[in-house]
Amino acid sequence: MDIRTRLHGRRRRPNPLRRRSDVVEAWVVALVVVLLCVVAPLAGTAAGLYTYDRARAHAEEQRAERHAVRAVVLGRPAAVPTVRGDRGHAYRAEVRWAEAGPEPEQQKRIAVAPVPAGTRAGDTVTVWFDDRGRTVAPPPNDVAVWQHTVAVGLGVAGGTAAIVLLARAMERRVALRHRLAEWERAWARTGPRWTRRRA
């Protein structure tokens, strides 16, 4: 009998010290590794792709509904943020712009619009309006879309990993209780033998 035959024979023999809980624990660890290394990244990627499609479609819809004009800031912007907009457009100020037409002097418009932080009187800014003529925040650009996509993808992947780790911690507590119960049953069977031998 060669060495390979001996090794295979030893592998086929059941280990008397290995309990059923040890086998279950080994499978649970393998499952946790698969969930953390495969399922969590896939869930984050799928959520990110779905979010990217939705965010890009929403951005294109806003670009179609909104139009931009170049306006001059007339008054001093508010010292405290008054609106919540994209990319820091949280301050409002009075602006003036001239619409295209045969008589520019009669096509001048004045409105209160959101402006970027740090804007001063006399600065030229881009003001966005919707199809109803109301001042709105600028539509999200590609950078904002990707930032939102990455944030959602990482959040879903991290949330999935957190759920897996939490389930693993709960499983370990339950497994520990079962293991202690197995040890107690085993000691109940072997304990009297040891005490008789010592006596």
Side-chain angles (χ1 to χ4, degrees), residues 31-170:
L31 178 61
V32 169
V33 171
V34 172
L35 291 175
L36 292 178
C37 298
V38 178
V39 176
L42 287 178
T45 302
L49 293 176
Y50 176 78
T51 302
Y52 176 76
D53 292 337
R54 294 291 301 273
R56 187 177 62 177
H58 182 65
E60 292 177 354
E61 181 181 353
Q62 287 190 352
R63 293 191 188 101
E65 295 176 350
R66 302 177 182 184
H67 63 279
V69 298
R70 298 292 292 175
V72 178
V73 179
L74 299 179
R76 183 177 180 181
V80 180
T82 55
V83 295
R84 298 181 62 182
D86 297 336
R87 296 182 297 282
H89 290 71
Y91 300 85
R92 301 186 73 90
E94 190 177 38
V95 297
R96 180 184 61 194
W97 73 99
E99 295 183 352
E103 298 180 359
E105 295 297 332
Q106 298 179 2
Q107 298 296 326
K108 289 185 178 180
R109 298 287 187 267
I110 297 178
V112 177
V115 296
T119 303
R120 296 175 298 180
D123 291 347
T124 301
V125 296
T126 301
V127 181
W128 288 83
F129 296 90
D130 60 9
D131 52 359
R132 297 182 180 179
R134 298 174 300 184
T135 58
V136 293
N141 55 18
D142 294 338
V143 175
V145 171
W146 276 109
Q147 288 177 347
H148 182 61
T149 300
V150 173
V152 172
L154 291 178
V156 172
T160 304
I163 293 174
V164 171
L165 294 177
L166 179 60
R168 166 60 176 163
M170 296 176 62

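Treat the numbers as computed from the prediction; the structure is a model and nothing was measured. Numbers here are sequence positions counted from 1.
- Across Ala59 and Pro139, no two heavy atoms sit closer than the pair O-CB, 4.4 Å.
- Judged by distance alone, with hydrogens and angles left aside, the side-chain atoms of Arg66 form a donor-acceptor pair with the main-chain N or O of Ala137 at under 3.5 Å.
- The two residues Pro140 and Gln62 come nearest to each other via the heavy atoms CD-OE1, 2.9 Å.
- By the 4.5 Å heavy-atom criterion applied to side chains, Val112 and Thr135 are not counted as neighbours.
- Rounding to the nearest 0.5 angstrom, the gap separating the CG atom in Asp130 from the CD atom in Glu65 is 8.0 Å.
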Atom pairs and distances, side-chain donor-acceptor, residues 142-160, under 3.5 Å, sequence neighbours left out:
unit_1: Thr149; atom_1: OG1; unit_2: Val145; atom_2: O; d: 2.8
unit_1: Thr160; atom_1: OG1; unit_2: Val156; atom_2: O; d: 2.8

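- Considering every non-hydrogen atom in both Val136 and Phe129, the closest pair reads CG2-C, 3.9 Å.
- No side-chain heavy atom of Val73 sits less than 4.5 Å from a side-chain heavy atom of Arg120.
- Counting heavy-atom neighbours within 6.0 Å of Arg70 CZ, excluding the residue itself, gives a total above 12.
- A heavy-atom distance below 4.5 Å is found between the side chains of Leu36 and Leu165.
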